[in-house]
Amino acid sequence: MGSRISAKRLTKELTELKTNGPPTGCTLIQADDLECWVVSLQVLGESVYEGEEFALRFKFSSSYPIDSPEVTFVNCPERGWKAPVHPHIYTNGHICASVLGSGWSPVLNVASLLLTFQSMLASCKKKELPPDNDRYVRTAPSNPKQTRFVYHDDDV
Amino acid sequence: MASENEIMTDISDDDYSDAFDPDEDMEAEFDDASSISDSGFSPIEPDSHSTGKDPKGKGKAVDSMLTLDNHPGASEKLKEEQKVAVAYVEEMLQLKSEQAAVLLRYFAWKKEKLVETYMDSPESTLAAAGIHENGAQPRLKRVRGFVCEVCYDEMAQETLALSCDHRFCKSCYAQYVTSKVVDEGESRRIQCMGSKCNVIVDEKTVELLVEEEVLERYRSLLNRTYVDDSTSLRWCPAPNCDYALKCHILPRQLDSIIPTVQCSCLHTFCFGCGDADHRPCCCPIVRRWLKKCADDSETSNWISANTKECTKCHSTIEKNGGCNHMTCKSCKWEFCWVCMGPWSEHGTAWYNCSRYEEKGGDAVNQDAQSKSRASLERYLHYYNRFANHEQSIKLEHELATRMEKKMEEMQEHSSLSWIEVQFLAKAVETLTKCRTVLKWTYAMAFYLAKNNHTAIFEDNQADLEQAVEGLSELLEKPLDEEKIAELRQQTTDKTVYVSKRCQILLDDTLRGYEEDRWHWAEAIKM
Ligand SMILES: [Zn+2]
Ligand SMILES: [Zn+2]
Ligand SMILES: [Zn+2]
Ligand SMILES: [Zn+2]
Ligand SMILES: [Zn+2]
Ligand SMILES: [Zn+2]
């Protein structure tokens, strides 16, 4: 039952993204299947990230959209992508954002997540790593969904 | 920020438990208790009730085991209690019963707090709990031209919206609720699928959506939260035991009362913390002690090791029984495993192995380093004894298994009956019980401020210690078929004596709480 909704819904989301395009500043880099997509992202207007390009990887389980997707920033030196320096983003690309956990709602989608992360970066005043970055990166599971984040991002 | 160990805190819950006045709840709980006592879920003995009359928390210490009535129909009783509470709130606030139930769960079943908060501000109370005041009970509906925001499907047969009017198709909702219940074990806080909408999916709505199996799971989860939320209910912590026990004890009473209870499954535990029986040590001291042990585990690890070196000839000695009287196999040196001192100094009435002697009395002239060494030494003194009893309990169980086997063999070619060899099991049971008590006396002694009361405490401790070692030593003697009757007599006598010493210690120590005789070296706070 799960995979039926998820395939149908992702097909529709993808068609929508291809026809009308993703939010401004974002480009669909890879979406060959319904399991993993990569989207590049730039912050519009004035910000501490001006001129930088990032990429987000979305991984969907068969329970999507009941269950949130796994979303991380990509570290890929060949393409020049690195996780942004931000108090809620770890250097391994994991993001501490409630919208991916307790704040997730099945009505949210890839496009709305892209907008959320764009504004999360745009509102950042100072490039700083999370205070517990080293410790977290050393012990983090490969899937950030297995991390119990204590969210501090309700204001973004 | 991320932390794998930290658990997301639930703010809404904490808010209320902090704000709530225990005295008021006490009253209410008693009302409850009287109204349901004949339905099987009776409160603990009147003893503990008397504590309710003394708001200072210096009530009577629980000096006997509290036995609770419990029945296999416990879960039915729990449901009945919830029904009564829902009916009360429904009537009191003129709400629908589903709304009353959601509110009660949001307020962790503290209905006086609920009513008070609601009276103050009905709208915001309902909103915070995820209820729309005028919302009709949700039902399934077909809506022409409807597109579901979750599956993006236009073909939806049936749809459902909660009182917030966020409408989705039935199959999406069913899948969502099923996943919450089955995958996340959620029940009372399943919210609307809409983004940032906190309206709660109530029990009647869940009934419309999910399959029978999931519904059953959902209901049993709801039942669990009722016990989890209630301050006067606790699940029996024994594995595979499904009973919940009721006991009226307030957190702030725990520094003078050790609410020890026994479940129908016979497991005995502390109602205050859920840990196994830790008399005569009170909960706050237990918590402190266990934390200290965990924090200092590296420094103290070597102690519980099973091998030590003989202080005379340095050959390695392995401890394989519970008895602390050691004899080195190579040089025949007799010493105490705990303090490594000569055993000859131990067998007397003045059993000072359990008592910590301060060294170098002139505290003023001690430099910081020797002070911290002294404080570590002091801690190790108590930890050593605490850990050693724990270890001995394990070893004695192994010993008993070995001996029982041997006895069975003996039974085959002797006139002994099965009943007649039971003295051994009884002895080990008593040893375990008394060593557990002794173990906790060391945690307690570590925090006790020295005065003339503690001297009596330490005497009782030393007496029990000596009695326990005597019995333990008896069990380690090689089994002589000819003298089995003699062994049985000796063991039975010592078992009775050990039990008596243990009761004396417990009685006096628990009375000490009651009489406010125990003062702590460091201020103890919950
Ligand atoms: Zn749907
Ligand atoms: Zn809603
Ligand atoms: Zn039990
Ligand atoms: Zn306790
Ligand atoms: Zn030796
Ligand atoms: Zn000793």
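Below, chains carry the letters A, B, ... as their sequence lines are ordered, and counting in each starts from 1. None of these values were measured; they are calculated from a predicted model.
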Enquirer: Could you grab the distance from atom CD of B:Gln175 to atom OG of A:Ser63, nearest 0.5 Å is fine?
Expert: 7.5 Å

Enquirer: Given a strict heavy-atom distance threshold of 4.5 Å, which part of B:Cys192 is in contact with chain A: side chain, backbone, both, or neither?
Expert: neither

Enquirer: What part of A:Pro65 is in contact with chain B, defined as an atom under 4.5 angstrom from a non-hydrogen atom: side chain, backbone, both or neither?
Expert: side chain

Enquirer: For the CZ atom of A:Arg9 and the CG atom of B:Asp153, what is their distance to the nearest 0.5 Å?
Expert: 12.0 Å

Enquirer: To the nearest 0.5 Å, how far apart are OH in B:Tyr152 and CG in A:Leu10?
Expert: 9.0 Å

Enquirer: Between NZ of B:Lys180 and CD1 of A:Ile66, what distance do you get to the nearest 0.5 Å?
Expert: 9.5 Å

Enquirer: Does B:Glu184 CD have over 12 foreign heavy atoms under 6.0 Å away?
Expert: yes

Enquirer: Please check if the number of heavy atoms outside A:Lys12 that lie under 6.0 Å from its NZ is greater than 12.
Expert: yes

Enquirer: Just how far is it from atom OG of B:Ser195 to atom CG of A:Asn109, taken to the nearest 0.5 Å?
Expert: 10.5 Å

Enquirer: For atom NZ of B:Lys96, is the number of surrounding heavy atoms from other residues, nucleotides or ligands below 6.0 Å larger than 12?
Expert: yes

Enquirer: Using a strict 4.0 Å threshold on nitrogen-to-oxygen distance, state whether B:Glu154 and A:Lys8 make a salt bridge.
Expert: no

Enquirer: How long is the span from the OG atom in A:Ser105 to the NE2 atom in B:His166, to the nearest 0.5 Å?
Expert: 9.0 Å

Enquirer: Given the rule in the side chain to side chain contact (heavy atoms under 4.5 Å, CB included) test, do A:Ile5 and B:Cys172 qualify, once you have shown the distances and angles that lead to the verdict?
Expert: CA-CA 8 Å; A:Ile5 295 195; B:Cys172 282; 3.8 Å; yes

Enquirer: Just wondering, are more than 12 heavy atoms of other shown residues or ligands nearer than 6.0 Å to NZ in A:Lys127?
Expert: yes

